[in-house]
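Here is how names work: the chains are called A, B, and so on, in the same order as the sequence lines, proteins then strands, and each is numbered from 1.
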Protein chains: 2
Amino acid sequence: MVRLKDIAERAGVSIMTVSKVLRDAPDISGATKSRVRALAQEMGYVPHALAAGLRTRATRLLGLVIPGIINPVYARLIMAIEDRAFELGFELFLAHTLEKPEREELVLRRLLARRVEGLFVIPVARLGDTPGIYAELIRLNIPTVVLGLAPRFCDRFSRVANDEVGASREITQHLLGLGHRRIAFLAGPTVSPSAQARLEGYRRGLRDAGVEFDDRLIFQCGSTVEDGFQAGLELVRESLGVTALQGVNDLVAIGALNGLLSQGVRVPEDVSIAGFGNILSAENARVPLTTVREPKFRLGIAAMEIMHKLLQGGPPEQRVLRAELLPRRSTAAPAVNTLI
Amino acid sequence: MVRLKDIAERAGVSIMTVSKVLRDAPDISGATKSRVRALAQEMGYVPHALAAGLRTRATRLLGLVIPGIINPVYARLIMAIEDRAFELGFELFLAHTLEKPEREELVLRRLLARRVEGLFVIPVARLGDTPGIYAELIRLNIPTVVLGLAPRFCDRFSRVANDEVGASREITQHLLGLGHRRIAFLAGPTVSPSAQARLEGYRRGLRDAGVEFDDRLIFQCGSTVEDGFQAGLELVRESLGVTALQGVNDLVAIGALNGLLSQGVRVPEDVSIAGFGNILSAENARVPLTTVREPKFRLGIAAMEIMHKLLQGGPPEQRVLRAELLPRRSTAAPAVNTLI
DNA sequence: TTGTACGCGTTATCAC
DNA sequence: GTGATAACGCGTACAA
């Protein structure tokens with residue numbers, strides 16, 4: 001590949017001059033500039049960002065470490081971060097932990113060896129003390145932004161998270177506001193911290209409204225369409241007087257909707273359905289819906305904002321983003337109140 | 001940060017010795033190795049992959065350029081590529097084109113400046129001649145693997161794609177095999193090349209079986225759940241004698257399913273539903289289903305395989321992956337035959 | 001088994 | 001305005 005040196009020789013000037021021209025330094029004559037630029041273009045010069053970075057000690061490299069992107073929730077997050085990073089002139093490494101601590105450590109070490117200037121991390125959930133690699137991040141003073149609900153040991157890092165409890169409560173309040181009093185909750189696996197947060201939001205919503213909590217209305221139903229479907233069938237069988245339904249995510253909600261419909265339950269007159277929109281984004285799930293939108297995209301933007309400040313020497317910062325309620329768009333189809 | 005030099009000084013050896021130790025060179029004594037290693041560990045040495053790369057002229061960097069990840073289809077692809085790349089010791093840059101040619105060019109130039117050794121690209125669709133940046137890739141001889149259906153100008157690059165026509169035909173054949181003769185097709189927007197391919201597969205499936213093509217059975221219905229729902233309602237109204245339904249994707253299929261159920265249509269006795277699984281992955285959409293699985297994950301693996309060969313100087317290679325039919329898992333819920 | 005000299009491609013610094 | 005020199009951190013080649 002063409003180097004500054006090659007251009008310099010053909011132009012009859014020094015390497016330094018070429019370097020300055022290509023960075024548009026102020027102390028080079030217009031004549032030289034245009035001559036050298038033309039030559040660089042003609043010779044197909046491609047700058048060598050790594051070499052430049054070695055010299056300037058600024059790599060403009062960031063790393064994004066996530067469990068895996070089977071979960072499309074991350075898509076919007078990645079998208080937002082990449083987009084802002086790009087605008088700021090950073091390149092983004094993508095790496096997966098697959099939820100394995102050893103892999104997480106390996107991945108982070110490799111990114112450190114690449115001299116990333118900052119890291120976005122969704123840590124592998126684990127109990128106990130600060131893992132060595134995280135201690136390392138602190139020791140090296142690597143700007144790090146933790147995304148989402150995080151283990152205790154992340155307290156010293158910057159963090160952005162959605163207010164999942166608040167968002168779920170808002171859904172519950174919405175359903176209560178529509179007059180529903182018997183709201184079934186499809187709870188998902190309890191190990192998931194976010195599922196727990198959503199259930200907690202449901203509890204608080206009821207409590208705030210003085211509605212009694214009835215644990216027969218809580219269905220431990222997993223998190224898939226099929227799980228939701230089964231819960232829907234069960235719901236019909238049990239005759240608990242349920243008039244509304246809140247799912248831990250949108251798949252469960254859709255499954256339950258199918259389950260209810262398959263049993264001849266009329267919707268939406270009889271039942272309102274709500275759930276977090278993990279899989280179906282607002283654009284994709286264009287069912288008419290009252291949406292409580294969880295700000296996944298804004299989450300990414302906020303994360304990059306914090307990173308930007310950290311890179312400029314700012315202090316760690318923690319933010320919790322609130323969800324927002326969007327109005328229902330139409331009533332043509334069954335109402336699925338989805339919390340994106 | 002600690003450099004080889006620092007370790008060398010404290011260990012009382014030369015930089016070269018330290019360098020060799022850390023790369024586990026064979027010509028260093030065991031004693032020196034353990035002493036230097038211990039010191040490196042103690043001092044918290046982090047290797048500098050960029051500097052090493054500058055010297056060895058091997059960056060072990062790859063770039064993945066996609067339109068944007070709002071479309072979760074890419075998730076599995078990214079996942080597979082990143083995973084294989086990681087195993088082979090490569091780091092992966094992620095960049096979005098947002099479907100804009102200018103942004104695509106900018107993104108690719110920046111990755112070239114990073115000295116990526118190879119590129120995976122989903123090109124921005126455009127008509128006409130080879131865009132300058134792609135000519136550049138050829139000139140620079142950058143190993144490039146084009147993913148998916150690609151514009152004509154990509155003929156000279158390696159490529160992996162799914163056989164969308166064949167996959168869709170397989171779904172149709174499956175439905176025909178179940179005895180259905182009147183299969184509605186929810187066609188999606190015709191601008192999408194993949195939607196066209198899927199419709200074409202449907203046509204061929206019918207033709208092979210000698211079943212007449214009836215364009216009243218084709219519904220131009222968009223690609224969302226709501227679109228599917230509307231199509232489902234329309235379907236019931238029109239009484240076309242439809243007994244099975246094939247959607248251009250899974251959202252449409254689910255929407256249509258809801259539409260049918262909402263009208264009291266009995267499923268699956270009356271109707272079989274099929275669609276491409278763009279949004280709901282096999283793991284998420286655990287409705288009992290006969291699945292025609294499109295190998296998104298395998299697509300990524302194949303792409304990395306080809307890349308691997310290219311990096312070793314192999315010739316360009318084109319592969320088309322076939323879909324595979326998976327058996328139905330259960331009959332508890334409505335059958336949604338999803339093509340993942 | 002260990003060390004020396006040099007170069008990878010670029011930029012900071014400062015002299016001309 | 002322009003250029004000589006050194007350095008960023010590391011590895012190749014070869015000498016000791």
Item to check | Contact check, side chains of A/Ile81 and A/Leu62, non-hydrogen atoms, under 4.5 Å | outcome: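 The answer is no; the side chains never approach within 4.5 Å.
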Checklist entry - Contacts to DNA chain C from residues 31-50 of chain A, heavy-atom cutoff under 4.0 Å, which residues? => result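 Only A/Tyr45, A/His48 qualify.
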Side-chain N or O of [X] versus OP1/OP2 of [N]: is the shortest distance under 4.0 Å?
X	N	result
B/Arg57	C/dG9	yes
A/Thr17	D/dG3	yes
B/Ser14	C/dT2	no
A/Arg55	D/dC10	no
A/Thr56	C/dA12	no

Checklist entry - What nucleotide, of D/dG9, C/dT11, C/dG9, holds the atom closest to the side chain of A/Arg3? => result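 In terms of side-chain proximity for A/Arg3, the closest of D/dG9, C/dT11, C/dG9 is C/dG9.
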Item to check | Among C/dG3, C/dG9, C/dT1, the one nearest B/Val13 by side-chain distance | outcome: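 Closest nucleotide to the B/Val13 side chain: C/dG3.
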Could you check how far [atom1] of [X] sits from [atom2] of [N], rounded to whole Å?
X	N	atom1	atom2	answer
A/Lys20	C/dG9	NZ	P	21 Å
A/Asp27	C/dC16	CG	C1'	13 Å
A/Arg60	C/dT10	CZ	C1'	17 Å
B/Arg23	C/dT2	CZ	P	15 Å
B/Met16	C/dG7	CE	P	16 Å
B/Leu4	C/dT2	CG	P	16 Å
B/Ile15	D/dT12	CD1	P	15 Å
B/Met1	D/dG9	CE	C1'	13 Å

Checklist entry - Short question: side chain of A/Arg156, backbone of A/Ile138 - any donor-acceptor pair under 3.5 Å? => result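 No.
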Item to check | Donor-acceptor under 3.5 Å (B/Thr32 side chain, B/Ile28 main chain) | outcome: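 Absent.
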Checklist entry - Any cation-pi pair here, B/Arg84 with B/Phe90, using under 6.0 Å and within 45°? => result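 No; the conditions do not both hold, so B/Arg84 does not lie above the ring face of B/Phe90.
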Checklist entry - Relative to A/Tyr45, does A/Arg3 satisfy both conditions: NZ or CZ under 6.0 angstrom from the six-membered ring centre, and within 45 degrees of the ring's axis? => result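 Here A/Arg3 fails the 6.0 Å and 45° test against A/Tyr45.
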Checklist entry - Just checking B/Leu54: base, sugar-phosphate only, or nothing, at a heavy-atom cut-off of under 4.0 Å? => result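 Base contact.
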Item to check | Touch class at under 4.0 angstrom, heavy-atom based, for A/Lys5 against every strand present | outcome: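 Answer is nothing: A/Lys5 stays at 4.0 Å or more from every strand.
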Checklist entry - Should the pair B/Arg37-B/Glu42 be classified as a salt bridge under the 4.0 Å nitrogen-to-oxygen rule? => result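 No salt bridge links B/Arg37 with B/Glu42.
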Checklist entry - Is it true that the side chains of A/Tyr134 and A/Glu105 contain a donor and an acceptor less than 3.5 Å apart? => result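 No, A/Glu105 and A/Tyr134 have no side-chain donor paired with an acceptor closer than 3.5 Å.
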Next on the checklist: Tell me whether the count of non-hydrogen atoms from other residues, nucleotides or ligands lying under 6.0 Å of CD in A/Glu102 goes above 12.
Outcome noted: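 Yes, because the 6.0 Å sphere around CD of A/Glu102 holds more than 12 heavy atoms from other groups.
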Item to check | Toward the 5' end of DNA chain C, by each residue's nearest nucleotide, A/Ala51 or B/Gly12 | outcome: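 Whichever sits nearer the 5' end wins; that is B/Gly12.
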